[in-house]
Amino acid sequence: ISNEIDCTKENYYLIEGTYNQEEIKISGKTIEQGCVGTNGNGFFEYKLIMEDDSTLAEGSFNPELIFTDSQLENQNVISGETYDSDKEFYLKLPLIQNSKSLEISKDNVILSEINLQNIGAEFCKINWYQLKNKMIKKFNIIKKNLSKLNSSPSEKEVIIWIKKHYPQS
């Protein structure tokens with residue numbers, strides 16, 4: 001029996017941020033394809049908070065340091081350096097349905113709470129001039145067609161007529 005996971009069918013949250021002077025600033029949050037992997041270890045904690053306020057995933061990481069430690073398969077000693085960092089850090093979290101937020105803390109003090117429910121949502125640019133002209137055009141068509149009726153239609157009749165002729169409205 002194989003326990004290998006097909007990472008092409010997996011997704012995870014990728015959080016990008018910086019840590020500077022006891023403050024975490026988030027610069028990006030996306031959903032990426034692949035297996036989540038690990039985030040290392042350190043003095044900073046993270047918790048994946050669900051909509052019912054339970055914690056489903058948690059761990060630790062260290063945005064203050066860059067580790068260049070490595071070890072070859074046949075070596076018994078880890079070699080490398082550790083450097084202070086003010087560069088961007090990356091935090092990977094499992095993509096779990098009904099996730100609400102991510103809390104990042106140090107020494108039990110919450111430094112950041114990131115909303116995970118709006119990842120993938122994008123702002124759209126609205127051309128208000130075009131939208132206004134389309135609405136005026138629709139209104140004039142509706143007005144013209146309703147004026148063909150012999151009596152003044154009720155609000156309910158107008159709504160029924162609009163839904164019949166403009167089902168996407």
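Numbering starts at 1 and runs along the sequence shown.
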Novice: So, using side-chain hydrogen bond (donor to acceptor under 3.5 Å, both in side chains) as the criterion, who are the partners of Glu32 when residues are at least two apart?
Specialist: Thr30

Novice: Please report the interatomic distance OH(Tyr13) to CD1(Ile96), rounded to the nearest 0.5 Å.
Specialist: 8.0 Å

Novice: When rounded to the nearest 0.5 angstrom, what is the spacing between CG in Leu48 and CG in Leu56?
Specialist: 6.0 Å

Novice: Check for me, please, whether Ile114 and Val36 land in the same ILVMFWY cluster - side-chain distances under 4.5 Å, paths through other members count.
Specialist: no

Novice: Just so I know, are the side chains of Asp52 and Asn98 near enough to count as touching, which here means a heavy-atom distance under 4.5 Å?
Specialist: no

Novice: Taking only residues two or more places apart in sequence, or in another chain, which ones meet Asn74 in a side-chain hydrogen bond (donor to acceptor under 3.5 Å, both in side chains)?
Specialist: none

Novice: Quick one: OH on Tyr90 to CG on Asn39, what's the gap to the nearest 0.5 Å?
Specialist: 13.0 Å

Novice: Please go through Ile49's hydrophobic cluster and name the other residues, only I, L, V, M, F, W, Y counting, with side-chain heavy atoms under 4.5 Å joining them.
Specialist: none

Novice: Which value, rounded to the nearest 0.5 Å, describes the distance between Phe44 atom CZ and Ile24 atom CD1?
Specialist: 6.0 Å

Novice: Using the rule that Ile, Leu, Val, Met, Phe, Trp and Tyr join whenever any side-chain heavy atoms are under 4.5 Å apart, tell me whether Leu91 and Leu116 fall into a single cluster.
Specialist: yes

Novice: May I have the list of side-chain donor-acceptor pairs in residues 102-113 shorter than 3.5 Å, sequence neighbours left out?
Specialist:
unit_1	atom_1	unit_2	atom_2	d
Ser105	OG	Glu45	OE1	3.3
Glu113	OE2	Ser101	OG	3.4

Novice: Which atom pair, heavy atoms only, marks the closest approach of Pro94 to Ala57?
Specialist: CG-CB, 4.1 Å

Novice: Between Pro63 and Phe89, what is the shortest heavy-atom contact and its length?
Specialist: CB-CD2, 3.4 Å

Novice: Can you list every pair that meets side chain to side chain donor-acceptor pair (under 3.5 Å) and has a residue in residues 15-25, with sequence neighbours left out?
Specialist: Tyr19-Glu22

Novice: Side-chain heavy atoms under 4.5 angstrom apart, residues restricted to Ile, Leu, Val, Met, Phe, Trp, Tyr: same cluster for Ile26 and Leu95?
Specialist: yes

Novice: With side chain to side chain contact (heavy atoms under 4.5 Å, CB included) as the test, pick out the partner of Lys29 among Asn115, Leu93, Leu14.
Specialist: Asn115

Novice: Could you grab the distance from atom SG of Cys35 to atom CG of Asp6, nearest 0.5 Å is fine?
Specialist: 8.0 Å

Novice: State which residues pass side-chain hydrogen bond (donor to acceptor under 3.5 Å, both in side chains) with Asp53; sequence neighbours excluded, sorted by chain then number.
Specialist: Lys100

Novice: Compare every heavy atom of Asn41 with every heavy atom of Ser60, then report the nearest pair and how far apart it is.
Specialist: OG-OD1, 2.6 Å

